[in-house]
Engineer: 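One structure follows; several queries about it will come next.
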Amino acid sequence: MTYQIRDVCGRRIDYARISVTDRCNFRCVYCMPHDGVPPLAHDEIMRYEDIIFLCQALSDLGVRKIRFTGGEPLVRKGIVPFLGAFKASFPDISASLTTNASLLGRYARELASVGLSGINISLDTLDPEKFRFVTRRGDMAQAMDGISAALASGIPNIKTNTVPIRGFNDDELPLILSFAWDNGLLPRLIEFMPIGGDVWRKEMFIGEEEILSTLVRHFGALTPQTPDQSAGALPLGPARYYRDAKGRDVGVIAAVSSHFCQTCNRLRITSSGQLRPCLFSNDETPLIGLIRSRDLDGLRSAIVEGMRAKPQRWEQERSGALHMSNIGG
Ligand code: SAM
Ligand code: SF4
């Protein structure tokens, strides 16, 4: 039997983000402190069989889309066979991945064969030196190879995620959009979110209004899109999409300046099996015991109960000490 998760405000929750690892081969300045975050012990992290069991509970509860993220999901050994096993067990659930592209050169072709619905690729600059600066250890050429491999592989719905940061890439936004459009990628700009208080700085933040006026200066008028207008071509979700006169789309995720809490349909599960009803809230429900004891009824109830804590709306003061890499962005 299929149940549905609804939170106390009646929001139907049908989208889950699962972090498959807290490890990452980058240390992006907007995501982590300089020395990274202390890694969890290996036995604290959900095994792949645990994640499949968790997905059974989520599927029973009406979740229809799962995004696998991290940390960097492609650094976890066995990720591609795991995704294949996931699709074999849950063919009706749409599966997607968020990645920093560094390992796509190695994995894109195999990933294309597992039936992902799409991938999101982080791309904050096109300049190799700035790339090294923002990721603290990444190599632009390797990420570009990864993007090329993804494009050649036939993986559908490839989007780019860019976090505009004042003084870093604000002058590059039009270039990044042009790069994405020229390569058939759908670009999205994500407001810099205050997750992990030691990383975010107000003076580095650029809000949606300023982002849009920069884009209008470069590309001319932008028309807001609705799913109807775009004839199903644009994904539903927290991004607001805009189209320029040449028919090119860009998404803006204004998580800070204009909350999309009213329509938020998602839950998050950290790599250690903590349910997080809201990205900006510290409330967590530990699921790992129920997952490891394979208590399906107990797990479904804990998820439903935990989702009652989903706040009605975002409150910055609730944001905790965890960074995006811990939570699963
Ligand atoms: N490592 C993968 C990657 O970078 O794509 C997946 C995990 S990462 C945490 C997921 C997304 O979160 C990335 O697109 C990244 O840009 C975004 N992100 C991380 N910290 C952020 C922050 N403070 N504000 C906005 N987006 C952030
Ligand atoms: Fe790693 Fe992604 Fe965070 Fe960058 S944004 S440090 S790639 S988890």
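Worth saying up front: this structure is predicted, and the values here are computed from it rather than measured. In listed order, ligands and their atoms are each counted from 1.
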Engineer: Is the contact between T99 and ligand 1 made by the side chain, the backbone, both, or neither, using heavy atoms and a 4.0 Å cut-off?
Structural biologist: backbone

Engineer: Please could you name the atoms of ligand 1 that G71 approaches to less than 4.0 Å, counting only its heavy atoms?
Structural biologist: 1 (N), 2 (C), 6 (C), 7 (C)

Engineer: If you measure only the distance, is there a donor-acceptor pair under 3.5 Å linking the side chains of N100 and N25?
Structural biologist: yes

Engineer: What protein heavy atom lies closest to atom 6 (S) of ligand 2? Include the residue and the distance to one decimal.
Structural biologist: C28 N, 3.2 Å

Engineer: Say whether P73, considering both its backbone and side-chain N or O atoms, lies within less than 3.5 Å of an N or O atom on ligand 1.
Structural biologist: no

Engineer: Is there side-chain contact between I121 and I147, with at least one heavy-atom pair below 4.5 Å?
Structural biologist: yes

Engineer: Looking only at distance, does N161 have an N or O less than 3.5 Å from an N or O of ligand 1?
Structural biologist: yes

Engineer: Please determine if D171 and R166 form a salt bridge, counting it only when a charged side-chain N lies under 4.0 Å from a carboxylate O.
Structural biologist: no

Engineer: Does ligand 2 have any atom sitting under 4.0 Å from a heavy atom of G70?
Structural biologist: no

Engineer: May I ask you to identify the nearest protein heavy atom to atom 3 (Fe) of ligand 2, giving residue, atom name and distance to one decimal place in Å?
Structural biologist: C31 SG, 2.4 Å

Engineer: Please list, in number order, the atoms of ligand 2 under 4.0 Å from a heavy atom of M32.
Structural biologist: 6 (S)

Engineer: Do NZ/NE/NH1/NH2 and the carboxylate oxygens of R294 and D50 come within less than 4.0 Å?
Structural biologist: yes

Engineer: Looking at D14 and R64, is any side-chain nitrogen of the basic one under 4.0 Å from a carboxylate oxygen of the acidic one?
Structural biologist: no

Engineer: Over 60° means perpendicular and under 30° means parallel, so tell me whether Y48 and F82 are parallel, tilted or perpendicular.
Structural biologist: parallel

Engineer: Quick check on contacts: which atoms of ligand 2 are under 4.0 angstrom from a heavy atom of F26?
Structural biologist: 6 (S), 7 (S)

Engineer: Is there a polar contact between ligand 1 and Y30, counting only N or O atoms under 3.5 Å apart?
Structural biologist: yes

Engineer: Any carboxylate oxygen within less than 4.0 angstrom of a Lys/Arg side-chain nitrogen, looking at E305 and R308?
Structural biologist: yes

Engineer: Please classify the C24 to ligand 2 contact at 4.0 Å (heavy-atom distances, strictly less than): side chain, backbone, both or neither.
Structural biologist: side chain

